Protein chains: 2
Amino acid sequence: MTEKGVRLRPPDYVVLGMVRLGAQSGYDIKKLVHDSIRFFWTISEAQIYPSLKRLERVALVRGRSAPQGRRRRRNFDITPQGEAALRAWLTSGEAMPFELRDIGLVKLFFADALDRADALGLLQAIMERSRERVAALNRIEPKARRYKAAGIRHPPLTLRLGIAFHKAIIDVCAEFGGAKKR
Amino acid sequence: MTEKGVRLRPPDYVVLGMVRLGAQSGYDIKKLVHDSIRFFWTISEAQIYPSLKRLERVALVRGRSAPQGRRRRRNFDITPQGEAALRAWLTSGEAMPFELRDIGLVKLFFADALDRADALGLLQAIMERSRERVAALNRIEPKARRYKAAGIRHPPLTLRLGIAFHKAIIDVCAEFGGAKKR
DNA sequence: TTCTCCATGTAAGTAGTTACATGATTGG
DNA sequence: CCAATCATGTAACTACTTACATGGAGAA
């Protein structure tokens, strides 16, 4: 339960979860998000820093000053209450509809307005985009292997999910376009 | 090119594209969106009606009063300029990054904070959600078949894409969880 | 008569981003 | 010495949703 009427929203739990995974500063969180969940959830600095303050106010994280030389820095760890709050959120059973918002698919949906050549061009752009995404995800793979070695299993799972569904997109597009898969 | 300094944004093109596909009124657009692109792009009434006005002002659609009995109604069709503007947008080559924003995957990413049973529960919730989505998409299939019969090929393609990537999710989750695929 | 659908519209609020401001440190 | 990176933060803006307001028509 969260006290004091401070309602936490998904971005707050993202920050909390990242602190739990070892991100110490706001800057660390930014970087960790960039090479993990940014593929299905983005978060900007303008959210991270206020969120850390909120989380500290309700004692879900504990922050302390940890300057590097003359460069200021605040480090955070998760508290036992923070762990509990994160678990409560993860198991809360709230609806979590799959929400996709993709101009690419919208354009593809309307592509009958184009002549054959342009429609095919659009199809190929969609395929290319998914190929690039697969490549980007594969670049993260070494990091996932390190997680696995440390007994952390779910980040690598989400990585596999990302790769799998972009491959599915490529396959369907290839079949539709009569082109080779690559 | 759009004249008069009215910059059109994706929701406007969605409205334009839907008018082109035969949606006549704002209400028609709402319904058509609901059983087609809502799976990768949502749009609310508060956007549709102002958007139709904007599009009419720059002559990309033409609207006229078409009351049903005493019930008011405005019908729209796309103009030649509207067709051209839609094609220009579809072929514009602007970046169209694949943007996914999914709390479900975020939770799965953090699931190592849970014990085995809860983590498995979350995994199953993700799978269930994709199964439901596949079912919802399959329910639309008859509509897609009618499109196909009329030579409209791309809406059915996006439908297949949706089904394919949710099946991919189900498969990966099933393998990870050691469960049956269903 | 009352519920659901048809139909159009707006006001107010929410969630988020972009752009900026500041300054220290490291590497080429 | 200059660029990139480390590090924190805010003001202003944008996009979008929710909730509401209004009212006609058909069906149970």
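Remember, predicted model here, so these are calculated numbers, not experimental data. Order of the sequence lines sets the chain letters (A, B, ...), proteins ahead of strands, with each chain counted from 1.
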Between P on D:dG24 and CZ on B:Arg72, what's the gap in Å once rounded to a whole number?
11 Å
Just the rounded figure in Å: distance from C1' of D:dC6 to NZ of A:Lys31.
8 Å
Any side-chain heavy-atom pair of A:Tyr13 and B:Lys107 under 4.5 Å
no
Would you tell me if any nitrogen or oxygen in the side chain of A:Gln47 comes within less than 4.0 Å of OP1 or OP2 on C:dT17?
yes
Whole angstrom is fine here: how far is it from OH in A:Tyr27 over to C1' in D:dG9?
15 Å
Side chains of B:Ser25 and B:Asn75: is there a donor and an acceptor less than 3.5 Å apart?
no
Just compare C:dT10, C:dT18, C:dA7 and give me whichever is closest to any side-chain atom of B:Arg73.
C:dA7
Classify the angle between the aromatic ring planes of A:Phe98 and B:Phe165 as parallel (below 30°), tilted (30 to 60°) or perpendicular (above 60°).
tilted
Residue closer to the 5' end of DNA chain D, A:Tyr49 versus B:Pro11 (nearest nucleotide)
A:Tyr49
No-hydrogen, no-angle side-chain donor-acceptor test under 3.5 Å, A:Asp118 and B:Thr91
no
For the pair made of CD in B:Glu99 and C1' in D:dC16, what is the distance, rounded to whole Å?
14 Å
May I ask you to evaluate whether B:Ser25 reaches the phosphate of C:dC6, defined as a side-chain N or O under 4.0 Å from OP1 or OP2?
no
Base, sugar-phosphate or nothing for B:Gln68? Non-hydrogen atoms, less than 4.0 Å.
sugar-phosphate
Does D:dC16 have its OP1 or OP2 closer than 4.0 Å to a side-chain nitrogen or oxygen of A:Arg101?
yes
Rounding to a whole Å, what distance do you find between B:Ile48:CD1 and D:dT17:C1'?
13 Å
Is there a side-chain contact between A:Arg9 and the phosphate of C:dA15, meaning an N or O under 4.0 Å from OP1 or OP2?
yes
So, is A:Ser44 close to the C:dT17 phosphate, meaning a side-chain N or O under 4.0 Å from OP1 or OP2?
yes
Calculate the interatomic distance between A:Leu32 atom CG and D:dA7 atom C1'; express it in whole Å.
16 Å
Side chain of A:Arg71 (C-beta onward), nearest among C:dC5, C:dG16, C:dA24
C:dA24
Could you state the atom-to-atom distance from CD of A:Glu45 to C1' of C:dG16 in whole Å?
14 Å
Give the nucleotide from the list D:dA7, D:dT18, C:dT17 with an atom nearest to the side chain of A:Asp28.
D:dA7
Rounded to the nearest 0.5 Å, the CG atom of B:Asp35 sits from the CG atom of B:Leu137 at a distance of 11.5 Å
Whole-Å gap separating P (C:dG9) and CZ (B:Arg74):
8 Å
